[in-house]
Amino acid sequence: MSLTMIPQGAPYGVATGPDGALWFTLVHQGMVGRLVPGEEPVVHRLDPADGGPTVITPGADGAMWFTEFQGGRVGRVTESGEVTSFEAGSPYGITAGPDGAMWFTRMQADRIGRISRDGTVTEFEVPVKGGMPSAVTAGPDDALWFTLNQGDAVGRVSLDGEMTIHRLPTPGAAPVGITAGPDGALWFVEIGAGQIGRVTVTGEITEFPLPDRACRPHAVVSGPDGALWFTEWATDRLGRITVKGEVDEYDLTATGAGAGDVRAEPHGLTVGPDGAIWVALEAGALARVEIP
C-alpha cells in the first residue's frame with residue numbers, strides 16, 4: 001500500500017473520472033479535488049463551502065457529479081474546475097443512470113431524484129417512511145438500485161419511477177454502499193451487522209458475515225479481478241470478497257495514516273485509472289492498494 005497525502009483536508013468520496021484522474025471530495029473543507037496518480041492534487045473550493053460534499057461519480061456528460069449533503073445541492077464539476085450547482089434537499093448517493101441522467105438519493109426525504117443535463121429534477125417517493133435511502137447504483141436491468149439504511153432493505157426503481165422493495169433478513173443491517181457485481185447481481189454492505197449482502201435482480205438475498213462483525217463496512221465497488229472490494233470504517237481495513245463469499249482483509253494504517261491514536265477512517269473507494277484500488281481516508285490521504 002502507498003499513500004498520497006491530501007494536506008488540504010479530509011477525503012470522503014473518491015471516483016475515477018473519464019479524464020483518467022481520481023476525483024475526491026473533502027467533506028469538512030467544502031472542496032472537490034483532482035489527482036493524477038504521481039502528481040500533486042489540485043483542489044477546487046466550492047462556493048459556498050459549507051455544503052459537506054460527500055459522494056462523487058462520473059456522469060454520462062464527461063463531467064463529475066457530486067452531492068453536498070449538508071448544503072442541499074447536487075454539483076457538477078468539469079475537468080477545468082468549473083462548478084454548477086442544483087438545489088436538492090439532503091442528497092447523498094449519486095450515480096449515472098442508463099438513461100443518461102444522474103440519479104441520487106434524498107436521505108432525509110425518502111425520495112429518489114433524477115436530474116437531467118439541463119438541471120431538471122424529477123423525484124420519486126420511496127414507500128418506506130424514514131427508510132433513509134443512502135447509496136445508489138445502476139443495475140444490469142436498466143433500473144437503479146439503492147439501499148435503505150434505516151429500512152433494512154434494498155430498493156429498485158425503474159426509469160419511470162416504479163419501486164420494488166426487498167427486505168433484508170437481518171434486523172439492524174443498516175445497508176449503505178451498493179454496486180453492480182461481476183455476476184449480474186447487486187452487492188451491498190451492512191454497516192450495522194458487519195455483513196456483505198448480495199441481491200439478484202429477482203430479489204433473492206444472500207448475506208455473508210464478516211470475520212469482525214463490528215468492522216462497520218461502508219462502501220463497496222466491483223474490482224477488475226472479479227471480486228468485490230469494500231471499506232471497513234471502524235477497523236481501518238480494506239476488504240475483498242469473492243462471489244463465493246471468501247474474504248480477505250488489508251490494513252490501511254501500515255504506512256502512517258491512522259498510525260498510533262489517529263484513525264485512518266476509510267470511506268469511499270474506486271478502481272483507479274492504474275487498475276489499483278484507491279481508498280479515501282478521512283485522516284487526510286488517498287491510499288493505493290495493488291490488487292494481488
Side-chain angles (χ1 to χ4, degrees), residues 55 57 67 90-99 101-114 122-210 213 215-222 226-231 233 239 241-245 247 268:
V55 178
T57 195
T67 54
S90 65
Y92 181 76
I94 188 167
T95 193
D99 55 352
M102 301 304 295
W103 290 71
F104 61 95
T105 60
R106 289 191 59 196
M107 186 179 287
Q108 295 175 345
D110 296 327
R111 291 177 177 270
I112 304 296
R114 176 190 184 274
T122 308
E123 294 187 349
F124 305 100
E125 186 173 357
V126 177
V128 180
K129 188 174 182 180
M132 288 183 64
S134 300
V136 60
T137 193
D141 54 350
D142 285 335
L144 288 305
W145 288 74
F146 57 93
T147 52
L148 287 168
N149 178 259
Q150 293 300 296
D152 291 337
V154 171
R156 176 189 185 273
V157 57
S158 67
L159 297 181
D160 59 3
E162 182 181 353
M163 296 273 180
T164 306
I165 303 298
H166 302 289
R167 302 282 182 175
L168 302 182
T170 303
V176 185
I178 188 169
T179 191
D183 55 351
L186 287 305
W187 289 73
F188 55 94
V189 293
E190 299 179 4
I191 196 170
Q195 299 186 134
I196 305 298
R198 176 185 184 271
V199 58
T200 67
V201 294
T202 57
E204 180 183 350
I205 294 170
T206 309
E207 294 174 312
F208 301 95
L210 293 172
R213 299 292 292 275
C215 69
R216 296 189 71 77
H218 175 76
V220 61
V221 296
S222 186
L228 290 305
W229 293 75
F230 56 94
T231 50
W233 175 80
I241 185 170
T242 68
V243 293
K244 294 181 179 180
V247 176

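Here the structure is a predicted model, which is why all the values come from computation and not from measurement.
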Look up atom [atom1] in [X] and atom [atom2] in [Y], then write down how far apart they are to the nearest 0.5 Å.
{"X": "E123", "Y": "I112", "atom1": "CD", "atom2": "CD1", "answer": "9.5 Å"}
{"X": "F104", "Y": "S90", "atom1": "CZ", "atom2": "OG", "answer": "9.0 Å"}
{"X": "W103", "Y": "L159", "atom1": "CH2", "atom2": "CG", "answer": "5.5 Å"}
{"X": "E190", "Y": "Q195", "atom1": "CD", "atom2": "CD", "answer": "4.5 Å"}
{"X": "T202", "Y": "H166", "atom1": "OG1", "atom2": "NE2", "answer": "8.0 Å"}
{"X": "E162", "Y": "R156", "atom1": "CD", "atom2": "CZ", "answer": "7.0 Å"}

When you measure from the side chain of [X] to the backbone of [Y], do you find a donor-acceptor pair of N or O atoms at a distance under 3.5 Å?
{"X": "N149", "Y": "P175", "value": "yes"}
{"X": "T105", "Y": "S134", "value": "yes"}
{"X": "T231", "Y": "W233", "value": "no"}
{"X": "T67", "Y": "G93", "value": "no"}
{"X": "D110", "Y": "G131", "value": "yes"}
{"X": "D152", "Y": "A174", "value": "yes"}
{"X": "R213", "Y": "A193", "value": "yes"}

Quick one: closest heavy-atom pair of [X] and [Y], and the distance?
{"X": "V126", "Y": "P133", "result": "CG2-CG, 4.5 Å"}
{"X": "S222", "Y": "L228", "result": "CA-CD1, 3.7 Å"}
{"X": "P169", "Y": "P171", "result": "O-CD, 3.4 Å"}
{"X": "L148", "Y": "V128", "result": "CD1-CG2, 3.8 Å"}
{"X": "C215", "Y": "L210", "result": "SG-CD1, 3.6 Å"}
{"X": "I191", "Y": "H218", "result": "CD1-ND1, 4.3 Å"}

Self-check item: Check against side chain to side chain contact (heavy atoms under 4.5 Å, CB included), F188 and T137
Solution: CA-CA 10 Å; F188 55 94; T137 193; over 6 Å; no
Exercise. Determine, step by step, whether L168 and I205 satisfy the side chain to side chain contact (heavy atoms under 4.5 Å, CB included) criterion, reporting the C-alpha distance in whole Å, the side-chain angles of both residues, the deciding distance to 0.1 Å, and the verdict.
Key: CA-CA 7 Å; L168 302 182; I205 294 170; 3.7 Å; yes
Is there a side-chain contact between [X] and [Y], using heavy atoms and a 4.5 Å cut-off?
{"X": "F208", "Y": "I241", "answer": "yes"}
{"X": "P91", "Y": "V55", "answer": "no"}
{"X": "R198", "Y": "D183", "answer": "yes"}
{"X": "F230", "Y": "I196", "answer": "yes"}

Practice problem: With sequence neighbours left out, write down each residue that passes side-chain hydrogen bond (donor to acceptor under 3.5 Å, both in side chains) with T206, or none if nothing qualifies. | Solution: none
Exercise. Evaluate side chain to side chain contact (heavy atoms under 4.5 Å, CB included) for W145 paired with V136, printing each intermediate quantity in order.
Key: CA-CA 6 Å; W145 288 74; V136 60; over 6 Å; no
Quiz item: How far apart are the C-alpha atoms of M163 and F124, what are their side-chain angles, what is the distance that settles it, and do they pass the side chain to side chain contact (heavy atoms under 4.5 Å, CB included) test?
Solution: CA-CA 9 Å; M163 296 273 180; F124 305 100; 3.7 Å; yes
